[in-house]
Amino acid sequence: DGAEPDQLVALTVAARALADADAGAGRAQRRDRAGVILGRGGYLTPGMARLSDRVRGAQQLVTTLAELVPELAAATLERVGAAYRARTGDPGPETAIGLVPNLAASRIANRLDLRGPAYTVDAACASSLLAVDQGCRELALGRCDLILAGGVHVCHDVTFWSVFTQLGALSRSQAIRPFDRRADGILIGEGAGVLALKRLADAERDGDRIYAVIHGTGVSSDGRDASPMRPGMDGQLAALTQAWQASGLDPGSVGLVEAHGTGTPTGDEVELHTLARFFGAATTDRPRATLGSVKSMIGHAMPAAGAAGLIKAALAIHHAVLPPSLHCEEPHPALASSRFRVHGAAEPWTGSPRRAGVRAFGFGGSTAHVVLAAPAGAPAGAP
């Protein structure tokens, strides 16, 4: 009782990730070399909201009543305060734990007995891809053999929605339309996404299920070239360049870009121009690559958004299917001059190799990009 929902959701998803990869079932793991890194924001979560109401809200109510209705007896005011606090539930040890953001990762490490690093990172909406970048570094350095990386966002509090309403970021048409000329804002989603990361040789040796191989990651910030309210092109280009240079792969071979794609007019326009500048304009000598955004299906899951996009891209590679992106019936004009197209129905991913890029950028200028591809010898499709 009283536990923050995101901690329990993240724990459940992390356990499922291990089971799905078979990275923990029936096989002795060196738990001291396994860790968890989660993207998680510092937003007002349900437990924090209840505690604030209990402490501050009750006191403000009683104080205001005493000022407006001075004839109320002290005993009556006390009963009002007690009744208000009763609606928020009784605080307990779990309430205190919920105030510490890192417990979302620490609870996973505790319950799954992972003795490597366990921490959260906050880069706004780029958080979960930053967690993946950090996880890859832990593996490359040899400090860990297994990393659970991803993000979690369970934060449908009225205060959170109110702030985004005041910013004018929410869709007035109540639809999220990435890369559509009618796009007018975001819808907020919730969820958790966790990926089991291992060095490729180790995963092959252990017989783990391998959906895709991460070849490179890149992270950057916009610096002073853009305001916190408007993403900048240079910062996004820096992350793209880092990731593809680290991968050693040709950006021209990309078949799918899972975009940040929030459905805000400014954000989509900057992203489309960035992609055209980095990947090149439309050509006749190669097919157009697919551009999509999982936000068109589940809304913008904030710190968990990048994990959702990465899972979508990995599954696309694994199943050799180019997934659709919804609500782009009237494509943005900038799409026409780029190498990309948005399609509304799933299509077979024919040809080889299957390579994808996944993007996320956070409020304030943080940007992350991940390059992934099918493992060598992967079949044309998987059941």
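Worth knowing before you read on, the calculation uses all heavy atoms, side chains too, and leaves out hydrogens, waters and symmetry mates.
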Hey, are [X] and [Y] close enough for a salt bridge, meaning a charged N less than 4.0 Å from a carboxylate O?
| X | Y | value |
| --- | --- | --- |
| Arg182 | Glu329 | yes |
| Asp122 | Arg40 | no |
| Arg177 | Asp180 | no |
| Glu204 | Arg209 | no |
| Lys198 | Asp206 | yes |
| Glu347 | Arg341 | yes |

Flag yes if Val13 and Val294 sit in one hydrophobic cluster, no otherwise; membership is Ile, Leu, Val, Met, Phe, Trp, Tyr, and two members link when side-chain heavy atoms are under 4.5 Å apart.
no

Can you tell if the side chain of Phe179 reaches within under 4.5 Å of the side chain of Leu335, non-hydrogen atoms only?
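Yes; the side chains approach each other to less than 4.5 Å.
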
Distance, nearest 0.5 Å, that separates CG of Leu146 from CZ of Arg33:
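CZ of Arg33 is found 11.0 Å from CG of Leu146.
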
Which residue pairs pass the salt bridge (charged side-chain N to carboxylate O under 4.0 Å, His left out) test when at least one of the two sits in residues 288-315, sequence neighbours left out?
Glu258-Lys312

side-chain hydrogen bond (donor to acceptor under 3.5 Å, both in side chains): pairs with one or both residues in residues 243-252, sequence neighbours excluded:
Trp244-His369

His153 vs Tyr43 aromatic rings, parallel, tilted or perpendicular, using cut-offs 30° and 60°?
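Judged by the thresholds at 30° and 60°, the geometry between His153 and Tyr43 is perpendicular.
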
Side chain [X], main chain [Y], donor-acceptor under 3.5 Å:
| X | Y | result |
| --- | --- | --- |
| Ser296 | Leu326 | yes |
| Glu4 | Gly47 | yes |
| Thr274 | Val270 | yes |

Do Asp53 and Thr88 have a side chain donor and acceptor closer than 3.5 Å?
no

Whether over 12 other heavy atoms sit under 6.0 Å from Arg205 CZ:
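Above 12, so yes.
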
